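From a predicted model like this one, the values you see are computed outputs, not experimental measurements. In each ligand, atom 1 is the first atom listed, and ligand 1 is the first ligand listed.
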Amino acid sequence: MISVVVAIGNNGEIGNKGQLLWHLPADLKKFKQTTMGHHMIMGRKTFESIGKPLPGRTTIIVTRNKDYAVNGCLVTSSVEEAIEVAKQAGEQEVMIVGGGEIYKQSLPLAQRIYLTEVDFVGEADTFFPRVDTQNWDVIETEDHPSESGHPAWSFKVLQRKK
Ligand SMILES: NC(=O)c1ccc[n+]([C@@H]2O[C@H](COP(=O)([O-])OP(=O)(O)OC[C@H]3O[C@@H](n4cnc5c(N)ncnc54)[C@H](OP(=O)(O)O)[C@@H]3O)[C@@H](O)[C@H]2O)c1
């Protein structure tokens, strides 16, 4: 299965100037739980914004730079190749974790979206593609109120309709 993991603001915003738009520790925890033990596919820019491989997961970086290499990560030259590498390693659910360019190319391939919706509006330069709700069933939903100065957020699991 190919899954996408993403956190979006009220207008689909996901990032600005190479960084995330909010600091939401509870969602970071959710991200960790969702991705733990899996292969994660990310664009080179997202990898560099994180800065290191995340423990307990296999990071596959997508780049056009043939010389790109990072200790502890796999590097591929397309999303399709990254998916194939994960599949060959026996991965049952590969997690596509951004950013904008990679989401755009992989959303059509995904069967599931782990979607965090953050009650945030603000300056952004990177957006998640529009999700056509007609094509997806919401199979799980959790609402979290605003607390300790952090915005309210909800977590949904969307499954592509057959
Ligand atoms: N809110 C969220 O859930 C979330 C999650 C992840 C990231 N983000 C945010 O998203 C932003 C980064 O997104 P982005 O769109 O700028 O960059 P990105 O998707 O992370 O990475 C883009 C890079 O991926 C490589 N790439 C893209 N398509 C490729 C292809 N078909 N073949 C080979 N390589 C390819 C290229 O690397 P080279 O230039 O090296 O060739 C390209 O520059 C940041 O602000 C980050 O914080 C948000």
Ligand 1 contacted by Y103 (non-hydrogen, < 4.0 Å): yes
Filtering V118, I61, T46 for the heavy atom nearest atom 20 (O) of ligand 1 leaves T46
Margin query: Is it the case that the side chain of Q111 and the backbone of I2 share a donor-acceptor pair, with hydrogens and angles ignored and the cut-off at 3.5 Å?
Written below: yes
the protein heavy atom lying closest to atom 31 (N) of ligand 1 turns out to be Q105 OE1, 2.8 Å
Filtering L20, V6, N16 for the heavy atom nearest atom 4 (C) of ligand 1 leaves L20
For S77, the atoms of ligand 1 under 4.0 Å from one of its heavy atoms are 32 (N), 33 (C)
In this structure, atom 16 (O) of ligand 1 is nearest to the protein heavy atom K45 CD, 3.7 Å
Closest to atom 2 (C) of ligand 1 among protein heavy atoms sits A7 O, 3.5 Å
Residue set satisfying side chain to side chain contact (heavy atoms under 4.5 Å, CB included) with V70, at least two apart, ordered chain then number -> F47, I61, Y68, C73
For atom 44 (C) of ligand 1, the closest protein heavy atom turns out to be G18 C, 3.6 Å
- Task: Would you sort out whether R44 and E48 count as a salt bridge (charged side-chain N to carboxylate O under 4.0 Å, His left out), showing the intermediate values?
- Result: CA-CA 6 Å; R44 191 263 310 161; E48 290 186 354; 3.2 Å; yes
heavy-atom search around atom 29 (C) of ligand 1 in the protein gives R64 NH2, 3.4 Å
With nothing but distance in play, are any N or O atoms of T63 less than 3.5 Å from an N or O of ligand 1? yes
**Prompt:** Would you say K104's side chain and F128's backbone share a donor-acceptor pair under 3.5 angstrom?
**Reply:** no
Among R44, M42, K66, E81, the residue with a heavy atom nearest to atom 23 (C) of ligand 1 is R44
- Query: Does R160 use its side chain to pair, donor to acceptor, with the backbone of A110 at less than 3.5 Å?
  - Reply: yes
So the atoms of ligand 1 within less than 4.0 Å of a heavy atom of G100 turn out to be 13 (O), 14 (P), 15 (O), 19 (O)
If you compare V97, I14, N65 by their heavy atoms, the one closest to atom 6 (C) of ligand 1 turns out to be V97
Check this for me: does any side-chain nitrogen of one of K156 and E140 sit under 4.0 Å from a carboxylate oxygen of the other? no
min-distance protein heavy atom vs atom 25 (C) of ligand 1 -> V62 O, 3.2 Å
Side-chain donor or acceptor of S78 paired with backbone N/O of E81 under 3.5 Å = yes
among protein heavy atoms, the one nearest atom 18 (P) of ligand 1 is G99 N, 3.6 Å
If you scan protein heavy atoms around atom 15 (O) of ligand 1, the nearest is E101 N, 2.9 Å
* Return the orientation label for the Y114 and F155 ring planes: parallel under 30°, perpendicular over 60°, tilted otherwise. => parallel
Looking only at atom types and distance, does a side-chain atom of Q19 sit under 3.5 Å from a main-chain N or O of G15, one as donor and one as acceptor?
no
Here the atoms of ligand 1 under 4.0 Å from any heavy atom belonging to G15 are 45 (O)
From the list H38, E91, M95, H39, side chain to side chain contact (heavy atoms under 4.5 Å, CB included) with T58 holds only for H39
> Has the side chain of T46 got a donor or acceptor atom that lies under 3.5 Å from a matching backbone atom of G99?
Replying inline: yes
Ligand 1 atoms nearer than 4.0 angstrom to some heavy atom of Q19 are 44 (C), 45 (O), 47 (O)
